[in-house]
Amino acid sequence: MPDGPGVTASVVAATASGLQPAIAVSGLAKRVADASGELTILHEVDFTVQKAETLAIVGASGSGKSTLLGLLAGLDTPSAGKVVLDGVDIYALDEDGRAALRKEKLGFVFQSFQLLPHLTALENVMLPLELRGAHHARESAEIMLERVGLSSRLKHYPKYLSGGEQQRVALARAFVTEPPLLFADEPTGSLDAATGEAVIRLMFELNRQHGSTLVLVTHDQAMAARCGRTITIAAGRLV
Ligand SMILES: Nc1ncnc2c1ncn2[C@@H]1O[C@H](COP(=O)(O)OP(=O)(O)OP(=O)(O)O)[C@@H](O)[C@H]1O
Ligand SMILES: [Mg+2]
């Protein structure tokens with residue numbers, strides 16, 4: 001059925017997908033219950049990020065940056081509003097749908113790393129490849145760990161790695177699948193200047209080579225300055 005309606009529809013869908021922004025956020029808000037009633041962590045925010053754009057999210061501690069990044073990645077649930085990733089309204093999906101989308105499209109570096117404690121550095125980085133059924137998971141993971149300077153720590157468990165080493169394993173794990181969306185929460189927060197610079201180079205290289213859209217939460221003015229655009233959050237609002 002080379003010319004049937006199904007083919008036409010899929011071509012149209014593919015074309016439309018090419019024109020979608022990578023991220024479209026509208027009316028996104030997060031409120032939680034607290035002792036005094038309700039606490040608003042994120043007031044309704046709206047913004048769009050184009051494909052292959054690099055965006056820095058900056059703001060004081062406690063302003064809502066990690067909350068926003070988690071919502072963009074489908075790791076939390078909003079109180080109101082929408083996050084549309086490459087044309088897909090992620091909170092219209094169920095948990096499984098969001099997990100499938102994350103596996104397919106997203107690399108996420110947590111502020112607290114979130115490595116799996118019972119897996120070695122190498123196994124942590126192999127995991128997203130294995131979940132995708134990739135061939136050569138071990139070789140690809142080794143190459144990525146080498147790029148973050150950890151070739152000599154492959155068999156270490158997270159608790160035997162320094163903070164900066166754990167951060168680099170987390171980065172390798174997020175990047176090893178070369179995802180179209182790369183979200184990182186203070187990716188250089190625990191790194192010395194030279195290692196931080198190497199990691200920043202790696203992230204921008206993936207952006208250039210693969211057209212990955214980069215969203216970085218950072219306190220580092222120099223890193224923010226290298227991004228195409230910066231948005232600032234203050235007390236849960238975009239300023
Ligand atoms: N589940 C929750 N329940 C109650 N308060 C929360 C919850 N999650 C976050 N907060 C509060 O919301 C605010 C924003 O938190 P968030 O972690 O997004 O800040 P941040 O900008 O990433 O800060 P930092 O730069 O210190 O990492 C903080 O005051 C935090 O205490
Ligand atoms: Mg944070």
Side-chain angles (χ1 to χ4, degrees), residues 23-49 53-85 90-91 94-95 98-99 102 106-116 158 161-175 179 181-193 195-196 199-200 203 213-239:
I23 307 166
V25 175
S26 52
L28 189 67
K30 181 72 184 180
R31 296 181 280 269
V32 295
D34 77 349
S36 59
E38 198 178 57
L39 173 70
T40 301
I41 302 175
L42 202 63
H43 294 267
E44 277 145 28
V45 299
D46 304 275
F47 61 92
T48 308
V49 186
E53 224 191 321
T54 54
L55 177 77
I57 301 176
V58 303
S61 177
S63 58
K65 304 179 300 296
S66 296
T67 303
L68 174 60
L69 199 66
L71 286 167
L72 296 184
L75 293 165
D76 194 354
T77 45
S79 307
K82 272 208 245 189
V83 174
V84 181
L85 298 182
I90 62 171
Y91 292 107
D94 60 13
E95 286 277 358
R98 280 198 293 281
R102 275 199 302 274
L106 195 101
F108 196 96
V109 182
F110 291 90
Q111 189 167 10
S112 52
F113 319 139
Q114 308 271 19
L115 299 177
L116 294 173
L161 294 168
S162 73
E165 288 169 344
Q166 290 180 47
Q167 183 152 44
R168 283 181 281 158
V169 175
L171 284 153
R173 180 179 62 179
F175 298 166
L181 292 167
L182 270 175
F183 294 172
D185 199 344
E186 312 220 8
T188 57
S190 302
L191 304 179
D192 60 82
T195 312
V199 160
I200 292 169
M203 292 189 296
T213 307
L214 268 186
V215 180
L216 308 176
V217 168
T218 185
H219 287 289
D220 177 348
Q221 288 301 327
M223 179 155 69
R226 284 158 78 164
C227 290
R229 190 152 62 99
T230 297
I231 59 177
T232 306
I233 306 192
R237 297 178 200 273
L238 289 192
V239 292

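In listed order, ligands and their atoms are each counted from 1. Computed from a predicted model, the values in this text were never measured in an experiment.
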*Asks:* Taking only non-hydrogen atoms of Ala60, do any sit less than 4.0 angstrom from ligand 1?
*Replies:* yes
*Asks:* Mark up the atoms of ligand 1 that fall under 4.0 Å of a heavy atom belonging to Gln111, in ascending order.
*Replies:* 27 (O)
*Asks:* Find all atoms of ligand 1 within a distance of less than 4.0 Å from any non-hydrogen atom belonging to Glu186, and give their numbers and elements.
*Replies:* 25 (O)
*Asks:* Number the atoms of ligand 1 from 1 as they appear, then name those within less than 4.0 Å of a heavy atom of His219, with their elements.
*Replies:* 25 (O)
*Asks:* Look at atom 1 (N) of ligand 1 and say which protein heavy atom is nearest, naming residue and atom and giving the distance to 0.1 Å.
*Replies:* Val32 CG1, 4.2 Å
*Asks:* Heavy atoms only, cut-off 4.0 Å: how does Thr67 contact ligand 1, side chain, backbone, both, or neither?
*Replies:* both
*Asks:* Is there a donor-acceptor pair closer than 3.5 Å between any side-chain N or O of Arg31 and the backbone N or O of Glu38?
*Replies:* no
*Asks:* Tell me, please, if Thr67 has any N/O/S atom, main chain or side chain, under 2.8 Å from the Mg ion (ligand 2)?
*Replies:* no
*Asks:* Measuring from the heavy atoms of Gly64, does anything fall under 4.0 Å of ligand 1?
*Replies:* yes
*Asks:* Show me which atoms of ligand 1 lie under 4.0 Å from any heavy atom of Ser66.
*Replies:* 17 (O), 18 (O), 20 (P), 22 (O), 27 (O)
*Asks:* Passes side chain to side chain contact (heavy atoms under 4.5 Å, CB included), Met203 versus Arg226? Steps please.
*Replies:* CA-CA 11 Å; Met203 292 189 296; Arg226 284 158 78 164; over 6 Å; no
*Asks:* Please state which protein non-hydrogen atom is closest to atom 13 (C) of ligand 1 and give its distance, to 0.1 Å?
*Replies:* Gly62 O, 3.4 Å
*Asks:* Quick check on the Mg ion (ligand 2): does Ser66 put an N/O/S atom closer than 2.8 Å to it?
*Replies:* yes
